[in-house]
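If you're wondering where the values come from, they're calculated on a predicted model, not measured in any experiment. Throughout, a chain's letter reflects where its sequence line sits, starting with A, and its residues are numbered from 1.
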Amino acid sequence: MAIEENEFIANRLEKLTGIREMGIAPYPAHTPDRLPIEVLRDTGETEEVLGTSGRIMAKRKHGKTVFCDINDPTGRIQLFINKKNLDEAGWDLLGKLDLGDIIWVSGALFVTRTGELSVRVITLILLAKAVRPMPVVKTDADGEVHDAVSDPDFIYRHRCIDLMLNEDSRKRLASRSRIISAIRNYLDSDGFLEVETPVLQQIYGGAAADPFVSHYNSMDEECYLRIATELYLKRLVAGGIHQVYEIGKDFRNEGVDRTHSPEFTQLELYEAWTDYNGMMRRFEEIVQAAAKAAGTGLVINFGGHEIDLAPPFKRVPFVPALHEKSGENLFEWDVEKLSALAAKLGLGDDIKERPALLDKLFDHYVTPGLIQPSFVVDYPVELSPLAKQKADDPRITERFEAFIAGLELANAFSEQNDPVYQREVLEKQAGSSRHRKGVVDTEFLYALEVGMPPSGGLGIGIDRLVMVLTDASSIRDTILFPHLRREQ
RNA sequence: GGGCCGCUAGCUCAGUUGGCAGAGCAUCUGACUUUUAAUCAGAGGGUCGGGGGUUCAAUCCCCCCGCGGCUCACCA
């Protein structure tokens, strides 16, 4: 199929033909020696002829002199192109260049009358002709940006344009990369092994979510994209891999909103000989390392809140906090009373399960107040099937979720390693939950039966962590290519 | 899935109590040998998201649909 026709594309395709007719290859494979633009800027004025390359971002014609701005990832520099400095072919080529074209130039560096360091171009080579126009964004003397491309739909669908034009997006992408890298460094240097477990699974588990369903032709069987890595990683801990982690995509077939994406990146780590207290320290340290990598201080701004990431983070026990904020002894209430209260608060009138009710009421009463980094600790056992119960109260588990600015960033517990108890819980859940379809992961239970040391486990939503550290209002801003509906 | 808002030129956006569709930038032609949101003179560019309805006349009002945003619901 040919490129869609419009005036702009037709015009550029015509120029492309003209360039070929001049005997110039518009898409050469070879780039002559070049210096990054940043290096030219650091060099300053020099008679030495230097080469560089980049994309044409602005073109100002003044008769026999043309000023262009080109940029590369390291910066932007002005080109001073005068007819007398170029050969005829070079000057003719210039006439067929447009904003967005990628070129190589060489020349000495000088400062113009208006004080702008510029390349006095003596050689001009086309490296890639752009046949599709890109939006033109201008910045004035006051640094004010005009005609910025801000339509989210456009940005998500054409991320290449977004990255070309929007500094914030480039910075966020770099921050994300460095954050993940810093987390790996932190864990690797502390003795953890990074592993890869299956994305394509016959039995999914480790979280309560609907999976994406696929089909494996050669086996003729239904399979699922993973919703968590938990159950595989714990098999490794049982196998003697006592410090292990995975950073990868999980897929949950559920609604999309500002803080949920159907595919998202999660870190899960498991560590033997420690418990959820150890995981709290790990989380605090990972947040420190990530903030350092993102180049923010420990006091950050997110969604209009000033947030202090310095440890230790606040501990908020689930049941007492719920009682304090609600003014009622809700944990002792029965399902009917809880359900009635939830309905009265407009949280939904068809919730009939105690775990869901407690969770919902907690979200209503307590979560919104968790602006500064907080660990909500000691969740009711019904909400935490894979966590170990507290020794002195079997109705409570050694589990925490970490919140920053009301956003859930992490979930962790002292891992349940009692195989008999764990089997009972999973079998009961398989019979009741809409998510489980009556399937129990017996290989996971096999591992517990073989014996798994007391361990702590921690899951961190990487996209959300990036949101917090780059002040992104939507998880989609932290994901380069978020899922969008098909364009009509 | 519900509610609200949006969709107009390549980009950013005006606009019409319903009466030939507008600006800036970009593009094209011309002028200009130190400009920088360059400037000046001229020109072209639109199925006003799609479909249906009301009307002499719809980009505008009504209905359906598509896409997006915010929000609520859902989401261990």
Q: Answer yes or no: is there an ion pair linking A/D92 with A/K96, defined by an N-O contact shorter than 4.0 Å?
A: no

(Q) Please report the distance separating the C1' of B/G46 from the corresponding atom of B/G22, rounded so that it comes out in whole Å. (A) 11 Å

Q: Check every strand shown and say whether A/A148 touches a base, only sugar-phosphate, or nothing at a heavy-atom separation below 4.0 Å.
A: sugar-phosphate

Q) What distance, rounded to whole Å, do you find between the two P atoms, one in B/A58 and one in B/C48? A) 12 Å

Q: Write down the distance separating the C1' atoms in B/U59 and B/U34, rounded off to the nearest Å.
A: 47 Å

Q. If you look at every strand shown and take non-hydrogen atoms under 4.0 Å, does A/T112 touch a base, only sugar-phosphate, or nothing?
A. base

Q.
What is the separation between atom CZ on A/F67 and atom P on B/A37, rounded to the nearest whole Å?
A. 13 Å

Q: Give one of base, sugar-phosphate or nothing for A/K59, where a contact means two heavy atoms less than 4.0 Å apart.
A: nothing

Q. What's the CG-C1' distance between A/D101 and B/A26, to the nearest Å?
A. 14 Å

Q. Could a donor-acceptor pair under 3.5 angstrom be found where the side chain of A/T114 meets the base of B/U34?
A. no

Q.
When both hydrogen-bonding distances must be under 3.5 Å and the geometry is Watson-Crick or G-U wobble, what is B/G45 paired with, if anything?
A. none

Q. A/D98 has a side chain; which of B/G68, B/U12, B/C28 sits nearest to it?
A. B/C28

Q.
Determine whether a donor-acceptor pair (one donor, one acceptor, N or O, separation below 3.5 Å) exists between the side chain of A/D147 and the base of B/G24.
A. yes

Q) How close or far is atom C1' of B/C25 from atom CG of A/D140, stated in whole angstroms? A) 13 Å

Q. Which heavy atom of A/I227 sits nearest a heavy atom of A/A207, and at what distance?
A. CD1-O, 3.3 Å

Q: Whole angstrom is fine here: how far is it from NZ in A/K15 over to C1' in B/U29?
A: 12 Å

Q: Could you work out the separation of B/C4 and B/G18 based on their C1' atoms and round it to a whole Å?
A: 26 Å

Q. Going by an N to O cut-off under 4.0 Å, is there a salt bridge joining A/E38 and A/R41?
A. no

Q | Cationic N near anionic O, under 4.0 Å, A/R235 to A/D441 | A | yes

Q: Please figure out whether A/F154 or A/S118 has its closest RNA chain B nucleotide nearer the 5' end.
A: A/F154

Q: For A/R252, report the nucleic acid contact type (base, sugar-phosphate, nothing); a contact means any heavy atom under 4.0 Å.
A: nothing

Q) Looking only at atom C1', what distance separates B/G50 and B/U8, rounded to whole Å? A) 15 Å

Q. Which nucleotide sits closest to the side chain of A/K360: B/C74, B/C13, B/C67?
A. B/C74

**Q.** C1'-based separation of B/C60 from B/G1 [nearest Å]
**A.** 30 Å

Q.
Students often get this wrong, so: under 4.0 angstrom with heavy atoms, is A/K61 touching a base, only sugar-phosphate, or nothing?
A. base

**Q.** Whichever of A/V136 and A/K64 has its nearest RNA chain B nucleotide further upstream toward 5'
**A.** A/V136

Q: Record whether the side chain of A/H260 comes under 3.5 Å of the base of B/C75 through a donor-acceptor pair of N or O atoms.
A: yes

Q. Within 45° of the axis and under 6.0 Å from the centre of the six-membered ring of A/F110, does NZ or CZ of A/R120 qualify?
A. yes

Q) Does some side-chain heavy atom of A/P135 sit less than 4.5 Å from a side-chain heavy atom of A/L165? A) yes

Q) In terms of the angle between their ring planes, are A/F67 and A/H62 parallel, tilted or perpendicular, with boundaries placed at 30° and 60°? A) perpendicular

Q: Give A/Y156 one of three labels, base, sugar-phosphate or nothing, depending on what nucleic acid heavy atoms sit under 4.0 Å from its own.
A: sugar-phosphate

Q | Under 3.5 Å on both distances, the Watson-Crick or G-U partner of B/U36 | A | none

Q: Starting at atom CG of A/D210, determine the distance to atom P of B/C75, rounded to an integer number of angstrom.
A: 10 Å

Q.
Can you identify which nucleotide, out of B/C32, B/G68, B/C11, has its nearest atom closest to the A/R157 side chain?
A. B/G68

Q. Would A/D210 and A/R252 pass as an ion pair if we require N to O under 4.0 Å?
A. no

(Q) With side chain to side chain donor-acceptor pair (under 3.5 Å) as the test, pick out the partner of A/S169 among A/D477, A/D162, A/T470. (A) A/D162

(Q) Work out how far the C1' atom of B/C11 is from that of B/G45, and round it to whole angstrom. (A) 14 Å

Q.
Nearest to the side chain of A/E7, heavy atoms from C-beta on, is which of B/U34, B/G45, B/C25?
A. B/G45

Q | A/N82, nearest nucleotide to its side chain (from B/U33, B/G24, B/A37) | A | B/U33

Q.
B/G68, OP1 or OP2 - any side-chain N/O from A/R485 closer than 4.0 Å?
A. yes

Q.
For a quick check of understanding: with a heavy-atom distance under 4.0 Å over all strands, which category does A/F413 fall into, base, sugar-phosphate or nothing?
A. nothing

**Q.** Nucleotide paired to B/G10 in any strand shown, Watson-Crick or G-U, under 3.5 Å
**A.** B/C25

Q.
Please pick, from B/A26, B/U34, B/U36, the nucleotide with the shortest atom-to-atom distance to any side-chain atom of A/Q78.
A. B/U36

Q.
Whole angstroms only, please: what is the CD-C1' distance between A/E14 and B/G44?
A. 14 Å

Q.
Over 60° means perpendicular and under 30° means parallel, so tell me whether A/F318 and A/Y379 are parallel, tilted or perpendicular.
A. tilted

Q: Send over the distance from A/D153 CG to B/C11 P, rounded to a whole Å.
A: 12 Å

Q. Which listed nucleotide (B/C67, B/U35, B/C13) is nearest to the side chain of A/S150?
A. B/C13

Q | P-based separation of B/C64 from B/A57 [nearest Å] | A | 23 Å

Q: Determine which nucleotide pairs with B/A58, using a 3.5 Å limit on both distances of a Watson-Crick or G-U wobble pair.
A: none

Q: May I ask which nucleotide in the shown strands pairs with B/G1, Watson-Crick or G-U wobble, both distances under 3.5 Å?
A: B/C72

Q: Tell me whether the OP1 or OP2 atom of B/A26 has a side-chain N or O from A/K138 closer than 4.0 Å.
A: yes

(Q) Students often get this wrong, so: under 4.0 angstrom with heavy atoms, is A/R12 touching a base, only sugar-phosphate, or nothing? (A) nothing

Q: Go through B/U34, B/C11, B/A26 for me and flag the one nearest to the A/L99 side chain.
A: B/A26

Q: Mind calculating the distance between CG (A/L165) and P (B/A26) to the nearest angstrom?
A: 14 Å

Q.
Tell me whether the side-chain N/O atoms of A/R60 come closer than 4.0 Å to OP1 or OP2 in B/U35.
A. no

Q. When we call it a touch if two heavy atoms are under 4.0 Å apart, what does A/L484 touch: a base, just sugar-phosphate, or nothing?
A. sugar-phosphate

Q) Nearest of B/G69, B/C74, B/C28 to any side-chain atom of A/D257? A) B/C74

Q | Nucleotide nearest A/F8 when distance is taken to its side chain, options B/G44, B/C25, B/U34 | A | B/G44

Q: For A/R399, report the nucleic acid contact type (base, sugar-phosphate, nothing); a contact means any heavy atom under 4.0 Å.
A: sugar-phosphate

Q) Within the structure, does a side-chain N or O atom of A/R113 lie under 4.0 Å from either OP1 or OP2 of B/U35? A) yes

